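Every chain is numbered from 1, with letters handed out A, B, ... down the list of sequences. As the structure is a prediction and not an experimental result, all values here were calculated from the model.
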Amino acid sequence: MKRLLIVVAVVGALVGAAFVAGMRVNVETDADSGAVGFTPPSTVYAGVGDDDDLKEFQRLAERSKVRPETRRVIGRFQTQMGVVELLVASTKGGQTCLIDIAPSRAEGTGCSDGPLFADGKVEWTITSDGGPDRFSMMYLAGVVSPGVSRIVVLRSDGSEQEAQLNSERAFVFSSTADELARDVLPAGFRAYNRGGRLVDSEDIPRLGG
Amino acid sequence: MKRLATALIVVVVALGGLAVGSAAAYIEPYTGPGEWWSPGRQAHGEYDWCGGRWYSNTFSRTEARVGLVTFINANGGWRYAKQDTDRQLTTVIPAGQEHFAKKPFCRNTSSYWQQGGCYGFRRDQQGNCT
């Protein structure tokens, strides 16, 4: 009887240890994600909906895991709110991601299938805080393909301004506190090639609308 | 007697490990994975008054259409909003700053239909009301 109890205990200990080890991996992964790209935990459980739905979301989350060795910083930009950092990375599922790290260290990741610029000449994202009526922070960030030499940001008041590209062709266009107070937000962009021809554009829906 | 004591200690350690493990992260969808989204359609998860704190929010789509993810706090304000056309759009709250009441929210901000779903990750002890 004692031997049986010991066997049960040892098996229980092994299962528990493995579980804890798995969760520790998650915790480390979470810590990593705070700096350089969101990496979903490797072990997931619970949730709502049926099992098939949950499995599908688990698959999607697994697919979007960033491969750490592919992370590359393409720019650090000073804004009124602090430094915004941009990175690109690839995922285990073959996606390419643009990662932006806000001054608050909040992190946004946008991943698309295939290589960068598979869906257009400009890979972009808008990040904000506050809202939906008045925002306290907002920036349009992105990176343009080699064929783009100039990008112009359109504001909701009809004004426009060229965004400065760095050596990696990345940019961050941050709204000023005055613009945010007046509810003047980035409303789109136009990208031009060296010859001045329009090669990509986007009208961006108002965030809080 | 000594063996029995050892076994009991091992069992306690194992159960303790499971208890620690259950405080880690878990995925929680708040829509189905392949739902159709009409222009302007939006969805949200539950507030994390109870259960693990939401710390990430993802809108996964099959098409490159504009979408939005954010968190809505107890006052209805938005935090950590993101909008773009990427198929997998995620916003993540900095580690340690997720300890406020909120719910995840996603919206099809494009003028086109799109297909996809929204989910987030939560962490902390389930059922722990604060």
Among A:T127, A:D203, A:D133, which has the most heavy-atom pairs under 4.5 Å with chain B?
A:T127
Residue selection (most heavy-atom pairs with chain B, distance under 4.5 Å) from A:T125, A:L60, A:L140:
A:T125
Basic-acidic side-chain contact under 4.0 Å: A:D183, A:R206
yes
Tell me whether the guanidinium CZ or amine NZ of B:R123 lies under 6.0 angstrom from the six-membered ring centre of B:Y55 and within 45° of its axis.
yes
I need the residue from B:L68, B:I72, B:N73, B:T85 with the largest number of non-hydrogen atom pairs under 4.5 Å to chain A.
B:T85
In terms of side-chain geometry, is the basic nitrogen of A:E62 or A:K65 positioned less than 4.0 Å from the acidic oxygen of its partner?
yes
Under 4.0 Å between a side-chain nitrogen and a carboxylate oxygen: does that hold for B:K102 and B:D48?
yes
Proximity breakdown for B:S60 and chain A, heavy-atom pairs closer than 4.5 Å
side chain
A:D119 versus chain B, heavy atoms under 4.5 Å apart: side chain, backbone, both or neither?
side chain
Turns out that what part of B:Q97 lies under 4.5 Å from chain A's heavy atoms comes down to side chain
Between A:E179 and A:R155, is the closest basic N to carboxylate O distance under 4.0 Å?
yes
